[in-house]
Amino acid sequence: MTRPRHWMSPIALAASVLFAAPANAIDIMPGDYTVLPAGTNALLLYGQYSQSSKLKVDGVGEVPDSKLGLGIGIARYLHYTSVGGVPVGLQAFLPFGGFTEARIGGAEPLTKSGIGDLTLGITAWPLSSADPTGTTLGVTAYVSLPTGAFRDEPGAINIGSGTWTFTPQIGLIQGLGNGFFFDGALDVAVRSDHTENGIEFSRDASVQVQAYLRYQFSATTNVSFGYSGTFGGKDFVNDTYAGTKTRSDQLRLFGSTFLTPTLQVQGMIGTDLNTQGGFRNDFIGTVRLMKLF
């Protein structure tokens with residue numbers, strides 16, 4: 001039988017592309033596509049923890065005795081301006097953190113923690129409305145740079161992706177009346193191929209869909225519930241499918257309030273209903289502080 005160059009077992013092949021980089025997806029929180037006045041700045045700090053106890057690899061099935069715990073912080077800065085009368089937002093965010101545990105099939109893979117991939121973004125809003133039944137539509141282009149901590153040994157799990165990722169995203173806020181809003185986003189992540197120690201890693205385009213129903217108790221406090229799904233994103237090592245991909249279905253619950261006119265706290269808890277070709281999140285929780293100035 002002819003084996004691909006740098007042949008590995010199916011589980012080792014899968015482990016070699018199980019990057020936990022946050023830049024794999026561009027999550028939104030309900031209300032994120034709200035247009036703020038030109039000249040406004042926002043500083044955001046996120047804390048997130050996820051715990052997984054199941055790993056499924058295509059062609060192998062569930063890999064017993066597999067766990068992954070990940071703690072992540074994110075520092076994010078946004079600036080709102082206007083170009084030709086069109087609202088525009090500029091932003092940058094940098095994740096950092098590490099693994100509380102990592103086990104695949106009873107073995108502990110190499111891990112690399114620290115600084116993640118720096119992501120830069122620019123948003124334009126062709127439609128914006130503050131009306132309770134109005135429509136706000138934003139279009140964002142994100143570029144993630146390979147700045148993250150990355151160990152290039154086969155089977156390592158990294159905080160960084162080791163390559164560039166381009167992610168265009170469309171975001172929508174639709175007022176439904178009586179305090180209800182729909183928040184949605186659609187993005188496509190395109191990752192460039194990269195070679196490490198003679199091994200080529202590639203990934204098909206990954207699509208993420210997010211849809212949330214938000215209820216505003218007041219101008220400062222809201223709750224939201226909804227869905228995030230990722231599709232596609234098959235991983236390949238030397239043109240051989242690794243058995244992993246970005247396929248998952250997740251339910252999320254949010255709560256948000258302004259503690260002062262310029263300081264907001266927002267939280268999210270979620271769980272995966274279905275995951276194929278990767279770790280399934282038993283629990284994921286996020287706390288975010290936002291300061292406007």
Side-chain angles (χ1 to χ4, degrees), residues 21-46 74-95 116-148 161 163-176 181-192 205-212 214 216 219-220 222 224 226 228 254 256 258 260-266 288-293:
N24 287 349
I26 305 294
D27 287 336
I28 68 165
M29 285 190 162
D32 274 4
Y33 268 90
T34 300
V35 180
L36 298 184
T40 301
N41 298 285
L43 179 63
L44 303 97
L45 295 175
Y46 298 72
I74 301 174
R76 185 180 186 184
Y77 170 75
L78 296 96
H79 174 72
Y80 294 85
T81 185
S82 178
V83 178
V86 176
V88 172
L90 306 174
Q91 64 175 296
F93 59 88
L94 182 67
D117 292 344
L118 174 67
T119 297
L120 307 176
I122 180 170
T123 303
W125 282 270
L127 292 175
S128 61
S129 174
D131 189 273
T133 58
T135 301
T136 296
L137 180 69
V139 180
T140 305
Y142 292 102
V143 177
S144 299
L145 291 65
T147 59
S161 67
T163 190
W164 295 75
T165 304
F166 174 62
T167 310
Q169 183 180 75
I170 298 174
L172 173 70
I173 299 176
Q174 178 60 56
L176 304 175
F181 293 83
F182 171 80
D183 292 270
L186 171 67
D187 61 60
V188 180
V190 181
R191 175 182 289 186
S192 63
S206 176
V207 177
Q208 182 180 20
V209 177
Q210 300 173 76
Y212 308 116
R214 170 165 47 108
Q216 290 285 156
T220 59
N222 65 69
S224 307
S228 174
F254 300 83
S256 171
F258 275 89
T260 73
T262 61
L263 180 63
Q264 182 197 54
V265 60
Q266 188 166 21
R288 185 184 81 176
L289 291 176
M290 179 176 69
K291 174 66 176 177
L292 302 177
F293 59 97

Minimum heavy-atom distance [X]-[Y], with the two atoms named:
{"X": "Tyr142", "Y": "Gly121", "answer": "CD2-CA, 4.0 Å"}
{"X": "Gly134", "Y": "Ser129", "answer": "CA-OG, 3.5 Å"}
{"X": "Asp117", "Y": "Gly148", "answer": "OD1-N, 2.9 Å"}
{"X": "Ile26", "Y": "Asp187", "answer": "O-OD2, 3.5 Å"}
{"X": "Val35", "Y": "Pro87", "answer": "CG1-CB, 3.6 Å"}
{"X": "Ala189", "Y": "Thr165", "answer": "CB-CG2, 4.1 Å"}

Taking the side chain from [X] and the backbone from [Y], do they hold a donor-acceptor pair closer than 3.5 Å?
{"X": "Trp125", "Y": "Tyr33", "answer": "yes"}
{"X": "Thr147", "Y": "Gly116", "answer": "yes"}
{"X": "Thr262", "Y": "Phe293", "answer": "no"}
{"X": "Gln169", "Y": "Ala141", "answer": "no"}

Could you pull out all residues at least two apart from Thr34 that satisfy side-chain hydrogen bond (donor to acceptor under 3.5 Å, both in side chains)?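 side-chain hydrogen bond (donor to acceptor under 3.5 Å, both in side chains) check on Thr34 returns nothing, list empty.
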
Taking the six-membered ring for Trp, are Tyr212 and Phe254 parallel (under 30°), tilted (30 to 60°) or perpendicular (over 60°)?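 If you compare the ring of Tyr212 with that of Phe254, the planes turn out perpendicular.
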
For the pair Asn41 and Leu43, evaluate side chain to side chain contact (heavy atoms under 4.5 Å, CB included) and give the outcome as yes or no after the intermediate values. CA-CA 7 Å; Asn41 298 285; Leu43 179 63; over 6 Å; no

Test side chain to side chain contact (heavy atoms under 4.5 Å, CB included) on Ser161 and Arg191 and set out the steps. CA-CA 9 Å; Ser161 67; Arg191 175 182 289 186; 3.7 Å; yes

Given Ser224, which of Gln266, Gln216, Arg214 fulfils the side chain to side chain contact (heavy atoms under 4.5 Å, CB included) condition?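 Running side chain to side chain contact (heavy atoms under 4.5 Å, CB included) over Gln266, Gln216, Arg214 with Ser224 returns exactly one hit, Arg214.
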
Of Leu263, Val265, Leu45, Leu44, the residue whose pairing with Met290 passes side chain to side chain contact (heavy atoms under 4.5 Å, CB included):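 In the set Leu263, Val265, Leu45, Leu44, the residue that makes a side chain to side chain contact (heavy atoms under 4.5 Å, CB included) with Met290 is Leu44.
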
Rounded to the nearest 0.5 Å, how far apart are [atom1] of [X] and [atom2] of [Y]?
{"X": "Leu172", "Y": "Ile28", "atom1": "CG", "atom2": "CD1", "answer": "9.0 Å"}
{"X": "Leu289", "Y": "Arg76", "atom1": "CG", "atom2": "CZ", "answer": "14.0 Å"}
{"X": "Thr140", "Y": "Leu90", "atom1": "OG1", "atom2": "CG", "answer": "10.5 Å"}
{"X": "Leu127", "Y": "Gln174", "atom1": "CG", "atom2": "CD", "answer": "10.0 Å"}
{"X": "Leu78", "Y": "Asp32", "atom1": "CG", "atom2": "CG", "answer": "8.5 Å"}

Trp164 vs Leu145, test: side chain to side chain contact (heavy atoms under 4.5 Å, CB included). Steps then yes/no. CA-CA 5 Å; Trp164 295 75; Leu145 291 65; 3.6 Å; yes

Pair Asp183, Gln210: side-chain N/O donor-acceptor within cut-off below 3.5 Å: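 Side chains of Asp183 and Gln210: no pair found under 3.5 Å.
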
So Pro95 and Ile74, do their side chains get closer than 4.5 Å, heavy atoms only?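 In contact.
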
Side chains of Leu36 and Leu292: does their closest heavy-atom pair fall under 4.5 Å?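 Of all side-chain heavy-atom pairs linking Leu292 with Leu36, at least one is under 4.5 Å.
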
